[in-house]
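Down below is the structure, laid out as structure tokens.
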Amino acid sequence: MLFNSVFNYTNIIAGTISIIVTLIIFLKDFRSKINILFSASLFFWGISLIFNGLTFLFQHPTRGAQTVRDFVVISSTIAAFLLFLSAIVIYKGEYILKKWFLIVPLTIFLFINSFVTSYFDKVVYDSPDETVDIGNGIKTTQPVWVMIFLYVIPLLLIIKAIIYLILTKKETRDPLIRSRMNYFIIGFSFIILGAMVFSGSGIIEQLFIPLSTETELTIFFVAELFWILGPILMLVGINVKQIDENVSSKNVINE
């Protein structure tokens, strides 16, 4: 796939939006551990999207292209693990960060997952035998079993994070927290939907039939749309109190 593609541009746009949202959330309360974790997760998510687009600046599977791709898979893995940890901290409280039986295994698992995805995910020529340059540029490929580490495990972590957010919402009576949880749950869900759409196309192409360029671009566009909306909804959730106050002020003025 050559760089001059809608997919690459939207990847960079989605990643940039995620990083902007990250900075806004972080500056809102940079002393909160939950805020730091949550911001870091969205930051790495944004970095992975941007580098995913920049990978295709390379027309040949050089070491540089492989290094950029390594940043993609490692950053997305870190993002999933941090989102999962953020949701646990929101549900359990910040004291859970001091529990070695959670942090140590999670850190080890993070390193293993990052190593497997970066080592076995390869940049090759976009051609039938993956070694001959036919003018289509490069593509990424990996053994089918590596997709478990690349897609399935991060998806499961984010799904588990959503479950913790739902539990948080159920166990609180604070209307503000419940309202924020709604936005976070939907935002997380959009990231999952985007990942499922994107990874599903890769699995179909590797296991069943090759997809046409038009089909791939449509799938990528849908995934990117979910990935853009996800962080934006989380930002709305962070600022939901201010939105409610503005609405209330307008109602008072109108009355």
Side-chain angles (χ1 to χ4, degrees), residues 1-20 22 42-80 113-144 146-147 149-151 154-155 190-191 193-231:
M1 178 189 295
L2 298 175
F3 178 74
N4 194 20
S5 163
V6 174
F7 167 65
N8 294 322
Y9 290 121
T10 52
N11 244 334
I12 293 172
I13 292 170
T16 302
I17 290 173
S18 185
I19 290 177
I20 291 172
T22 293
L42 287 181
F43 174 79
F44 279 106
W45 175 247
I47 287 293
S48 71
L49 291 176
I50 290 174
F51 275 94
N52 197 35
L54 295 179
T55 301
F56 298 98
L57 280 172
F58 298 86
Q59 295 184 14
H60 306 282
T62 60
R63 180 58 194 165
Q66 187 63 58
T67 300
V68 173
R69 177 61 181 176
D70 289 345
F71 272 107
V72 174
V73 296
I74 292 173
S75 297
S76 60
T77 297
I78 294 174
N113 204 86
S114 297
F115 172 77
V116 170
T117 53
S118 61
Y119 186 80
F120 291 99
D121 188 275
K122 301 298 181 183
V123 177
V124 297
Y125 279 117
D126 188 3
S127 61
D129 65 359
E130 301 180 349
T131 60
V132 178
D133 182 8
I134 60 174
N136 288 341
I138 60 175
K139 67 178 181 179
T140 60
T141 187
Q142 63 285 130
V144 174
V146 176
M147 290 185 176
F149 295 87
L150 189 61
Y151 299 123
L155 282 175
F190 274 13
I191 290 177
L193 287 171
M196 290 178 68
V197 170
F198 183 78
S199 60
S201 66
I203 293 171
I204 290 171
E205 194 161 29
Q206 287 221 24
L207 296 181
F208 302 104
I209 57 172
L211 301 174
S212 67
T213 302
E214 292 77 13
T215 303
E216 281 189 336
L217 288 176
T218 301
I219 291 171
F220 292 158
F221 177 78
V222 173
E224 295 292 346
L225 184 61
F226 283 129
W227 288 340
I228 289 173
L229 290 175

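The model shown is predicted, which means the values in this text are computed figures rather than measured ones.
- Asp129 and Ser127 are linked by a side-chain donor-acceptor pair at a separation below 3.5 angstrom, with hydrogens and angles left out of the test.
- In this structure, the side chains of Ser76 and Leu49 stay at 4.5 Å or more apart for every pair of heavy atoms.
- Of the charged side-chain nitrogens involved, none lies within less than 4.0 Å of a carboxylate oxygen, so that Glu130 and Lys122 do not count as a salt-bridged pair.
- Between Leu54 and Ile12 there is a side-chain heavy-atom pair separated by less than 4.5 Å.
- Within the 4.5 Å cutoff, no side-chain heavy atoms of Val68 are placed close to those of Leu57.
- By the 4.5 Å heavy-atom criterion applied to side chains, Val73 and Leu150 are counted as neighbours.
- Side-chain atoms of Trp227 and Asn11, non-hydrogen and from C-beta on, do get closer than 4.5 Å to each other.
- For the atom pair CD1 (Ile17) and CG (Leu229), the distance works out to 8.5 Å, reported to the nearest 0.5 Å.
- Here the shortest heavy-atom pairing between Val197 and Phe226 reads CG2-CE1, 4.4 Å.
- Closest approach of Gln66 to Ser118, counting heavy atoms only: NE2-O, 4.2 Å.
- Taking 4.5 Å as the limit, every side-chain heavy atom of Tyr125 sits out of range of all side-chain heavy atoms of Val132.
- Of the possible polar contacts, none joining the Gln142 side chain to the Phe120 backbone as a donor-acceptor pair under 3.5 Å is found.
- With rounding to the nearest 0.5 angstrom, the CD1 atom of Ile20 is 12.5 Å from the CG atom of Leu42.
- Ser75 places no side-chain N or O within 3.5 Å of a backbone atom of Ser48 that could act as its donor or acceptor partner.
- Nearest heavy-atom pair across Gly194 and Ala223 is O-CB, 3.4 Å.
- Expressed to the nearest 0.5 Å, how far CD1 of Ile13 lies from CD1 of Ile228 amounts to 6.5 Å.
- Rounding to the nearest 0.5 angstrom, the gap separating the OH atom in Tyr151 from the OG1 atom in Thr117 is 10.5 Å.
- Heavy-atom minimum distance, Pro61 versus Val124: CB-CA, 4.0 Å.
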Test side chain to side chain contact (heavy atoms under 4.5 Å, CB included) on Ile50 and Ile19 and set out the steps. CA-CA 10 Å; Ile50 290 174; Ile19 290 177; 3.6 Å; yes

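- Side-chain contact between Asp126 and Ile138 is absent, with no heavy-atom pair separated by less than 4.5 Å.
- Residue Asn52 holds its CG atom at 7.5 Å from CG of Asn8, rounded to the nearest 0.5 Å.
- Of the inter-residue distances, the one linking Arg69 atom CZ with Asp121 atom CG reads 4.0 Å to the nearest 0.5 angstrom.
- Side chains of Trp45 and Ile191 form a contact here, defined as non-hydrogen atoms less than 4.5 Å apart.
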